[in-house]
Amino acid sequence: MCGIVGYIGMQAASEILLAGLEKLEYRGYDSAGIATVGEGEIHCVRAKGKLQNLRSKLDGIENPSQIGIGHTRWATHGKPEEYNAHPHMDVAQRIAVVQNGIVENFRELRLELQQKGHEFKSDTDTEVIPHLIAEYLARPESAAPATLASSPFLEAVRQAVNHLEGAFAIAVISADYSDELIVARQQAPLSIGFGQGEFFCASDTPALIPHTRAVLTMENGELAKLTPLGVEIYSFAGDRIKKSPRTLTWNPIVVEKQGFKHFMLKEIYEQPGVVRGCLEAYTDSTWEASHDTPPVNLGLDESLYENLDRVQILACGTSWHAGLIGKYLLEQLAGIPTMVQYASEFRYAGAPVTPHTLTIGVTQSGETADTLAALAMEKERRKPLKPEYQPRLLGITNRPESSLGHMVPNIIDTHAGIEIGVAATKTFVAQVMAFYALALDLAYRRNTVSKERIQEILGGLRQLPGQIELVLESQERYIEELAHEFGDTQDFIFLGRGINFPIALEGALKLKEISYIHAEGYPAGEMKHGPIALLDAKVPVVAIAMPGSVYDKVLSNAQEAKARDARLIGVTPMDDKEAAETFDDLLPVPVVDEMLSPLLSVIPLQLLAYHIAARRGLDVDQPRNLAKSVTVE
Ligand code: M6R
């Protein structure tokens, strides 16, 4: 979603802002802009579309200003047009603001401000903020007692944010306070980077790491004043807060394409390493059934496990698909009834509260607004209840430093490294790995499967990196060729059963989000209850037919599709004669334990989606209308 950057220091701000916005492009946007202060004026330049359009507008303009803010906008209120792009300014053009989030009470505020004579130029919710700040700057005494009287600009922003409802992160500059950059955070991510005599802010750390590793993640209800001399943090009530930055360990190289045409392809190829990393982080590599020590150590509080009766998983999109696999594993291995809900549904209609329940929020970014809100709601509604109903919250995330990391006391870090492609690939595999670890941990503690079976599954997991490598090596060229045949295809159906049903959903989601082809994922057995009516020779059907309890059933369901002239593509075991006879096109993967098969069956589907989209010449890493981290409801 929207990206925010800000700079104050000794260098020319505009190039730093543009470079920062480029690092945030992956989050998704449809317009961009920057504002700087020079010669007592604010210089604001905005452009619709890609950052290149903004760059062209700025080309050749000499701008030595050493303070500025920048923004990439993902439209929520108002069309993606230049007049709605950020930064937004007050009537006198003395204050400029960029925002990520939604000001929910903007209509009331806008009306009040209009009655006071403020004129608005955009359809956005954000534009009320500079107007409101201008109001408080003009008459701080009458508006409210000034808490931070020594710093009028900071005080005006403080008063303004106290009137905003919703989730927001903002950065503000003023022509009259050219050595102050003010930032504030309420339920939307914002971090401050510390340099030598220069300071940065950004909604996501990739924009900071080229400059500094010393980063402070702001908390909800905090605002900060950045000057060339340092950073002061305050609460929205005006109390000073003492905090220090921490050191990020990221290497900037991880945010480069490293020779791959797209980040998505690079990230698909990183998956063997991700599985290895997870195994190293979660499991004892020497463990055998004869050992008395646990096979898995997730470092979670023991209280999470006490009398555990039930699990509920809350997530969105691909993370929800990982949650569905998690449910399968937790139920089949650890015998725990598990419910998976879309966070966006749960937050307005939560399932009845049950005792001894573990709630797991799954979000790679750790910033998805719905997932955070659903977890917050769960925490709040359980607090007044008896001890057995008290919240037990666990987060599975790739960004432990995120808002989720701050909200939830127990985290499983998925160690996938930053993911830039909007379509989640390696982070999905890493989330599924976290569920294997959790399910094995619980199965061992509850004694629901034998130690020999645990050893078998761990052994199978250890083979996976090599097997994923084999699929990548043996399949990519073929899938690239196959993709040519779907140049005009408009609909796809993906079928799977059991533990591979979520992979059918994931295959369909990957295809639709980057290639804009309509795709549906179905449990194969449900086809004949309706969707089969969609089939004809123009609709390819991809069926995941992995050896195990439902293999024959999936083959029969595929035959039903074939009988309706559908072109059949099968993700099948290697060297399988029956599969070769059934399917028109084969995407073979090594034969593994059914329980482990999703981590292999997903790979050809990621490649298929990638190559179809790349073949169509689409923007694979930043598909239209999508954002990497969905920080608004
Ligand atoms: O950061 P999260 O895991 O919470 O994101 C959830 C979804 O927005 C995300 O998985 C989305 O569906 C991806 N674009 C899928 O590729």
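Just so you know, these numbers come straight off a predicted model, no measurement behind them. Numbering of ligands and ligand atoms starts at 1, following listing order.
- Remark: minimum distance from atom 5 (O) of ligand 1 to any protein heavy atom is reached at Thr368 OG1, 3.5 Å.
- Counting protein heavy atoms only, atom 10 (O) of ligand 1 is closest to Thr318 N, 3.0 Å.
- Ranked by closest heavy atom to atom 6 (C) of ligand 1, the top entry among Cys316, Gly317, Gly366 is Cys316.
- The shortest contact between atom 8 (O) of ligand 1 and any protein heavy atom is with Val630 CG2, 3.9 Å.
- With respect to Asn398, the side chain to side chain donor-acceptor pair (under 3.5 Å) criterion is satisfied by exactly one of Asp413, Thr363, Thr414: Thr414.
- Counting heavy atoms closer than 4.0 Å to ligand 1, residue Glu513 contributes side-chain atoms (C-beta onward) but none from N, CA, C or O.
- Centroid-to-centroid, the aromatic rings of Tyr26 and Phe263 stay 6.0 Å apart or farther.
- Judged as a ring-ring contact (aromatic ring centres under 6.0 Å, His included), and not counting sequence neighbours, His406 has no contacts.
- With ligand atoms numbered from 1 in the order given, ligand 1 contributes 1 (O), 2 (P), 3 (O), 4 (O) to contacts under 4.0 Å with heavy atoms of Thr363.
- Nearest non-hydrogen protein atom to atom 1 (O) of ligand 1 is Ser365 OG, 2.6 Å.
- Under the 6.0 Å distance and 45° angle rule, Arg615 does not count as a cation-pi partner of Phe486.
- Considering backbone and side-chain N/O atoms, Gln364 comes within less than 3.5 Å of an N/O atom of ligand 1.
- Here is the list of ligand 1 atoms found below 4.0 Å of a heavy atom in Val422: 13 (C), 14 (N), 16 (O).
- In summary, the atoms of ligand 1 found under 4.0 Å from a heavy atom of Ala423, numbered by their order in the structure, are 16 (O).
- Where the criterion is an N or O separation shorter than 3.5 Å, residue side chain and backbone included, Ser319 meets it with respect to ligand 1.
- Using a 4.0 Å cut-off to heavy atoms of Lys510, the atoms of ligand 1 that qualify are 15 (C), 16 (O).
- In terms of the salt bridge (Lys or Arg N to Asp or Glu O under 4.0 Å) criterion, residue partners of Glu331 (sequence neighbours excluded) are, by chain and number, Lys327.
- Looking at ligand 1, you'll find an N or O of Ala424 within less than 3.5 Å of one of its N or O atoms.
- Ser402 and Glu367 form no side-chain donor-acceptor contact under 3.5 Å, judged by distance and modelled atom types alone.
- Counting heavy-atom neighbours within 6.0 Å of Arg246 CZ, excluding the residue itself, gives a total above 12.
- Distance check, rounded to the nearest 0.5 Å: CD of Glu345 to SG of Cys316 gives 10.0 Å.
- Side-chain contact, Glu25 with Tyr29: a donor N or O sits under 3.5 Å from an acceptor N or O.
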